Each structure stands twice: as C-alpha cells, then as structure tokens.
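Proteins get letters first, then strands, A, B, ... in listed order; numbering begins at 1 in each. The structure displayed is predicted, hence computed values, not measured ones.
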4 protein chains.
Amino acid sequence: MSFPNPSPRGRPRDGARESAILDAVLAEVAEVGYEQVTIEAVARRAGASKATIYRRWNGKRDLVVAAVSAHQGGELAPVDTGTLRGDLLVLCQRLVATLASTHGSLILALLQGSARDPQLGDLIEQGAGQTGARLPDAVLRRAVERGELPATATTYAFDEVAGSVLIVRALVGAPMDDTYLTHLIDTILLPALRHESDERPPGPARFASAVL
Amino acid sequence: MSFPNPSPRGRPRDGARESAILDAVLAEVAEVGYEQVTIEAVARRAGASKATIYRRWNGKRDLVVAAVSAHQGGELAPVDTGTLRGDLLVLCQRLVATLASTHGSLILALLQGSARDPQLGDLIEQGAGQTGARLPDAVLRRAVERGELPATATTYAFDEVAGSVLIVRALVGAPMDDTYLTHLIDTILLPALRHESDERPPGPARFASAVL
Amino acid sequence: MSFPNPSPRGRPRDGARESAILDAVLAEVAEVGYEQVTIEAVARRAGASKATIYRRWNGKRDLVVAAVSAHQGGELAPVDTGTLRGDLLVLCQRLVATLASTHGSLILALLQGSARDPQLGDLIEQGAGQTGARLPDAVLRRAVERGELPATATTYAFDEVAGSVLIVRALVGAPMDDTYLTHLIDTILLPALRHESDERPPGPARFASAVL
Amino acid sequence: MSFPNPSPRGRPRDGARESAILDAVLAEVAEVGYEQVTIEAVARRAGASKATIYRRWNGKRDLVVAAVSAHQGGELAPVDTGTLRGDLLVLCQRLVATLASTHGSLILALLQGSARDPQLGDLIEQGAGQTGARLPDAVLRRAVERGELPATATTYAFDEVAGSVLIVRALVGAPMDDTYLTHLIDTILLPALRHESDERPPGPARFASAVL
DNA sequence: TTTTAACCGAGACGGTACGTCACGTCTTGTG
DNA sequence: CACAAGACGTGACGTACCGTCTCGGTTAAAA
C-alpha cells in the first residue's frame, strides 16, 4: 500500500466546484463552439472565479479536454444486424452522429490535446467503442463465424480508417450520408478487412481513432 | 452601356502591399503557428496598416487562406519506382513530410476554412497532387499496365484514405515511420485499390484529401 | 518658428475623451477617496476603455494628478481686511477650507506626484495663491506701508510654514478652528514675518507650499 | 470563583507568532515600501498563515502600525552643543535623517493612521523626542538659562513647525541640506521661539509633530 | 490642370478577454 | 482553541488584439 498524498494540507478542493465548472464548459462549447469559449464566460456560468479555474487548469484546451474526459456518455446497445456489412453501416452511422453533434473545432481541440496528454487518449479510448470508432470484437467474431471474414482478420483496418476519414470529412463539411457510407464500406473497409495477413499492427496499441 | 467595373476612380490598390502582407502572413505562421498569428503582428511585419488588411480580407482565416493559396510550391519530380507499392510509399512519405514541415494548426485552419469557402478547396486541390495526397493518374495507369491493379481500378481508395489517416495521426502525434507506412499500404491501401468494382465514387468530385 | 511636431501621424487624440476621463476621475475621487479610486471605475464612468486611459497615463497617480492639474478653480476675491493679522487669518481659513474639501489621501498623492513631476508643481503653483498657501505680494506690500512689517520683509516665512503645518494637521485630524489659527498666526507667523533679515531664501524658488 | 477572562479554553495564542509577523512587516516595509506591502508576503516571510494575521489585525494599516509601535528604537544621545542655534540644527538634522531613512509612504501611513487611531499617536509620541520632532525641555531650559530665550518661551513653535515643514519637504523632494536648515532656524524657528507670550497652546496637548 | 475619390500609414478608440495578484473568508488536519 | 495550509469568490490589475474610425498625405484617372 502506498500513500502518494500522505496528508493533503490546507483546505481541500471542492469537488462540487469542479463539477460545476466542467458542466459549464460543456454547455458553453455546445452553445458557441470551442473557439468562442472564453474562460470568463465559463466562470460566470459556473458561478466560479477565474482564479479557481486557473488554479486547476492551464488554459482553455486543458479545461475543455478535462470536461470532455469527465463526461462519460451512457452505454449504447450492442451492434448485431446479422451481416458484417450491416454492422459496419451502423457503426459508421453512430460515428457520423457523434461528429455531427459535436462542433468540429472541439474535435480538433481533443485531437491536439491527446497529442500532449496521453491520459486524454486513455480516457477517451474507453469510450471509443461506444462512438463507433472501434470495431467491437463481438462484431468481428460473428463475421468470422459467418465466414464473411478470414479467421486471421483483425479490427485494425476499421479502427485505423473509419474514424480518420469521417473526422476529416466532418471538418471539411463533405457529405456523409448512407450512400457515401455504403461506398466507403464496400470499396475500402470490406476489402481491407478481408485481406489475409499474419502481420500484427505496428507501433503503439492505441489507434488514432481512439480519440473519439 | 454596362459598367461591370463601374469606373475604378481614385487611387488603385497597390499590388506590392498585398504581396508584402501575404509574405508576412506566411512568415508569422511559420514562426508562431496559426493560432498565435495576429493581424497586428502581420501588419507590423509587413509595414502595413491594419486598415489596409481589413480592406481586403475579413479576418485571420481569410488572410491565411489567401496567403497559402498564393503560395504555390515548386513542381515535384514525378513518382515512378517501378512498382505500385514503391510508388505508394513515396507518395505517403511526401505526405508525411508535408505534415511534419507545416504547423499542424495551419492544416486545421485550412480544413476548417475549406468547410466554409469552397474556393479554398478548389485552389488547394490543384496543388494536392504535389503533396502526395492524390494518387497521380500516371501511377495508376502504370500499375494497371503492369497488371498490379485491375483495369477498373480508380484513385478513390487512396485519395480518400491516405490523407485523412495521416492528418489525424499527425494531430495526435502518432508515429508515421516507414514501418507504419508499409503496413498501411499493405493491409489497407493495396487491398482497397485492388478491389474490383464498377461503382463510381458518390457525391462531389472533390475528396477530403484535396485540402492538402 | 519651430515645428516640434512636424506632422502628428495617425488619428489624433480626441480631446473630448480626455476631458470626460479627467472629469470622471475627479468625481470618483470625491465619492470614494483617492485610495479607493480604480481605473476600471473611471473608465466605466467616463464611457472610455481602459486602453485609452493607459495610452495616456501610467497609472492612478498620474491620472489623478492630471485631473487635478486640469481642474483650475475660479478666481477668488483678493484679500484685504485692513490689517496684516486679519489678512493672514483669511488666508489660513481659505487653506483650511481647501484642505477640508479634499480627501487627505488626495493631498498625499499630489505631494508625492509633485516629487516626480516638476510640471505638476508648476501647474499647481499658479493656483497656489488662490488657496491661501501663498502670501500675496499685495498683502505684504500693504502691511509694509501700514508699518506692520519692516521694509525687508518677505513672503518666505508664510509660504514655508502655513501650508506645511496645516497639511500635516489635516492629515492627522487635528483641529484647525479659528482659535488655533489665531494662535498660529500670533506666535509663529507674525514673529517670523517681522524678523529683520537681508538673507535671501535658499534653494529653489518654489516652496513646498506650492503644491496646494 | 470568577473568570475575568471567562475561560481561555483551547490552545493559547503563541506570542512568538506575533513577533515573527511584526518583524516580517518591518522587513517588508523596508524592502518594498508601505504601499507595496501585502499581507500575503508578510505571511510568507513570517511562515505564518493569513488567518493568523487576520485573527489579530484588521488589515495592512493596523498591522504596520502595530509593527512600528512595537519597534522601539534605541536611545539617542542628548543634544547639547552649547548654543540654542546649534541644538536646533542638530535636532533638525536628526529629523532629516529619520525622514530620509524611512520610506516616505510609511510616514504617510502613520500620519493617516493616527487620524483614525488616537492610540497610535500616543504610542509614537513617546518616541517623538528621539527623532528631533520635539524640542527637549532640557534644550529649552538651557537656552533660557543662557539668556537666548525669554523665560516664558515654550517648545510650541518648534514642535508645531519643524516636523511639518520637513515632512512636506521630504514628500515633495525639496532639498534639506544644512544651508536650508540654517535658514529655516534663523528666519522662522528662532524668531518664533523668542516671541514673548503668555498664551498657552490651544487644543489638545499633542502636536502634529508627535507622529514622527 | 485641377478635381476627386480611393488608397495608404499611423494610430486613437470602445471593447473584450487574457492570466496574475491580493484581498478577506472559509474549511480542512494537526497540535 | 490556535495554527499552517490553501481553496474560494471577488475584483482590479496592466496587456494584447480585436475591428472600426479618423487623420494627413499620396496617387492616378476623370473632368
């Protein structure tokens, strides 16, 4: 057993303040967008002081990242349409919905934030499956059992491609309707998933898509 | 009688000012990064006044976009290694070099800018092939002639995937060395390119990758 | 003929802003006292921005000093009661009235300000006679003509003593009623004024009393 | 059983803390000047907490006043040059030295503090003689014995004038060298002291000079 | 040639947010 | 209880840019 903080001297931080501030951040981001969020407005809305905010976070990016990290969405129903193609479409639709509900600049902030703060990636990674950015193992397994994919198939191709492509399309405002998604699945995702290989994915275990 | 330019009375604009300002913009972006660029600093560096800048552009994004648009890089040597796989690697390496050399936030600004201003996409698209974000037709043709790809192959899979994936990896700071690039090519790009299909890409002709 | 400011480039300063700000300063000082005056409150009241204030003055002391300097009271009636003693009493009463009407800490600010800014002394010196801090030459001359003072008498003793003593008494809250003033005049000012001497006052021509 | 101090329950106050705090106050005043002293800096330097300070004093002025009051300077040698004029010069020189050594703004704070807190005046008055702001009775007595002053002479003229005049001169930065002091003594202080009068000084016994 | 209108630099202006600081109060844990 | 530590709301600080607006002074086409 370890005592990293043997005795936290002084008045302890008020967790309620932290919650109020992070809630205010999310509300502000939703209303005016990431770039237009100001610390002053967050402080006003949270009934907190700027000093309290700056005591805990270094600036806007830190703050927003913390707010998003703390905001864990509820569980989503598992995906199982009976075909791999149908499952992929549902996952992509979820991803599009997530991207559409979030201001683009917030995504950028998170992407950049995760470059600095590995913890951010860790935190978001847990929720990544929820967003559709990760191919659930169950979906992969069932596809293999149905014979739609070879036994050596991995989630790599989906994890690597789907999130990145849709993020960029969201940023540039390109359409992401079902026609497009179907084309993406048929001409890129499925061919890549079906590719037989015994290679293991290189580099760190976490994929770029994890930030969603 | 029509006066499309009714009558350009008064002192005409000084083209030299425009050049000086746009040069200053690029220098500032290179030094401090897109987000830290200020109109005032640009004006100071260019020896111009803020009024002159605001007379022509609406704000920072407009200004940066104009500067980048006006800045046409030199021609790059055509790609021809003798194999499709080799060509793809060279293209991806070029793309990585571009992403590494430019401030990441400038890319983001261009991405967002292109969502607003379709012209930006048009302008940059012309240079996209240079950066490796587009698969040159010559490369595709030679691959078909060598029998590496079916006759129906298109550049779509590369255009759609390569830029997006590498942009996002650059943002999150994930590694993009040759080992990684090779894996990307072998497990995703090549399988997708080899995929036989008579489908045409949906939606607008411009791909997300065009912004690079 | 000289052209010290050959061409004042840029938009010229708006004199009206300066007036509005200085008026606001005096109002604030009168309401809350020198120490409690804030630049922000002055800016609010004047309908100006802090930047405009800081563009012209370095801080609170500068600002208040400028406001007081610019505030030239109206002319006061000349003093002539028929006797030197009566004239001195009127002068001291005026001085007491001035000190009573002004917050003590404002006086301190002016005193300290004049140590830094000789111009302040110059400006206020012109009005010093008005406040009673200076013995008017006419009063001295008539006293000599009446035989109340020797022909060699100067204003030095009054100028040096009256202002200083009453300022300090004002600061410490000591009483300054007519009984006290009469005593001051009879036991200090008159004996010193009557003192025969051919010495000239040493040092700079301006007395400490000039700051009132 | 009686409890004049009803029942001093709990931990008693630590006298050492008080000393440490007051020492820190004086050190801070000496280093940065009265106006720049902050409670936080005092707490840091004293190794105390702000709560401990605010438990005992109401704010900066209180604190500084307490520190100065508790700081009793050592005894100075009595003044006796053999002539009244020489004694006065020594006293004035001491006063000038005091004013020059102490930050001017501390004097101001004490002046203003004494307006609010009569006790402050009482406390400081005891040390006033040391500074030269008061004419010691011994000096007066010897001058009378030598025939330099009439038997009815009092210390009033010196007490009233010397401190005030020199304080104000110190504030405005006017010179206070021996030439000036000699002139002050010859043309003002000595004539006023020699003035024959049976009047008693009016008002409270404490003079403005007592604050030094 | 003279007008005229726009361009250009400089920089004042009202704003707004920045990030820091000190205030005076409070809430902990430890003596 | 005293005390240190330090979080907290408050509010001012002085700075930096924003985007707009005058200025005096070009500059070139139109009159």
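The shortest non-hydrogen separation linking Ile21(D) to Ala46(D) is CA-CB, 3.8 Å. The shortest non-hydrogen separation linking Lys60(D) to Glu35(D) is NZ-O, 3.1 Å.
The distance from the CD1 atom of Ile39(B) to the CH2 atom of Trp57(B) is 9.5 Å, given to the nearest 0.5 Å.
Residue Arg56(B) contributes atom CZ, which lies 15 Å from atom P of dA6(E) at whole-angstrom precision. Rounded to whole Å, the distance from CG on Asp62(D) to P on dG24(E) is 11 Å. Summarising the geometry, the separation between CD1 on Ile21(A) and C1' on dA7(F) is reported as 11 Å, rounded to the nearest angstrom. Taking atom CD1 on Ile53(D) and atom P on dC26(E), their separation rounds to 17 Å, with Å as the unit. The nearest whole Å value for the distance from the CH2 atom in Trp57(D) to the C1' atom in dA2(F) is 14 Å. Rounded to a whole Å, the CZ atom of Arg17(B) is 16 Å from the P atom of dT26(F). Here dA22(E) presents its P atom at 18 Å from CD of Glu35(C), a figure rounded to the nearest Å.
Annotation: of the two residues near DNA chain E, Arg13(B) and Gly10(C), the 5′-most nearest-nucleotide partner is Arg13(B). Annotation: of the two residues near DNA chain F, Glu18(A) and Asp14(D), the 5′-most nearest-nucleotide partner is Asp14(D). Positionally, the nearest nucleotide of DNA chain F for Arg9(A) lies more toward the 5' end than for the other of Arg9(A) and Ala48(A).
Look at Glu18(A) and Arg13(A) and you find no salt bridge, because none of the NZ, NE, NH1 or NH2 atoms lies under 4.0 Å from a carboxylate O.
Taking side-chain N and O atoms only, Arg55(B) has a distance below 4.0 Å to OP1 or OP2 of dC8(E).
Of the candidate nucleotides dA6(E), dA12(E), dT27(E), dA6(E) has the atom lying nearest to any side-chain atom of Arg11(B).
Checking each of Arg45(B), Arg44(B), Gln36(B) against Glu28(B) for a side chain to side chain donor-acceptor pair (under 3.5 Å) leaves exactly one that passes, namely Arg45(B).
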Practice prompt. List the protein contact pattern of nucleotides 16-21 of chain E with one symbol per nucleotide (5' to 3'): B for base contact, S for sugar-phosphate-only contact, - for none; contact means a heavy-atom distance under 4.0 Å.
Written response: -SBBBB
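Annotation: side chain to side chain contact (heavy atoms under 4.5 Å, CB included) contacts of Asp14(C) (sequence neighbours excluded): Ala16(C), Arg17(C).
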Worksheet item: side-chain contact (heavy atoms from CB on, under 4.5 Å) between Leu22(B) and Leu26(B): does it pass, once the steps are laid out?
Response: CA-CA 6 Å; Leu22(B) 296 182; Leu26(B) 292 176; 5.9 Å; no
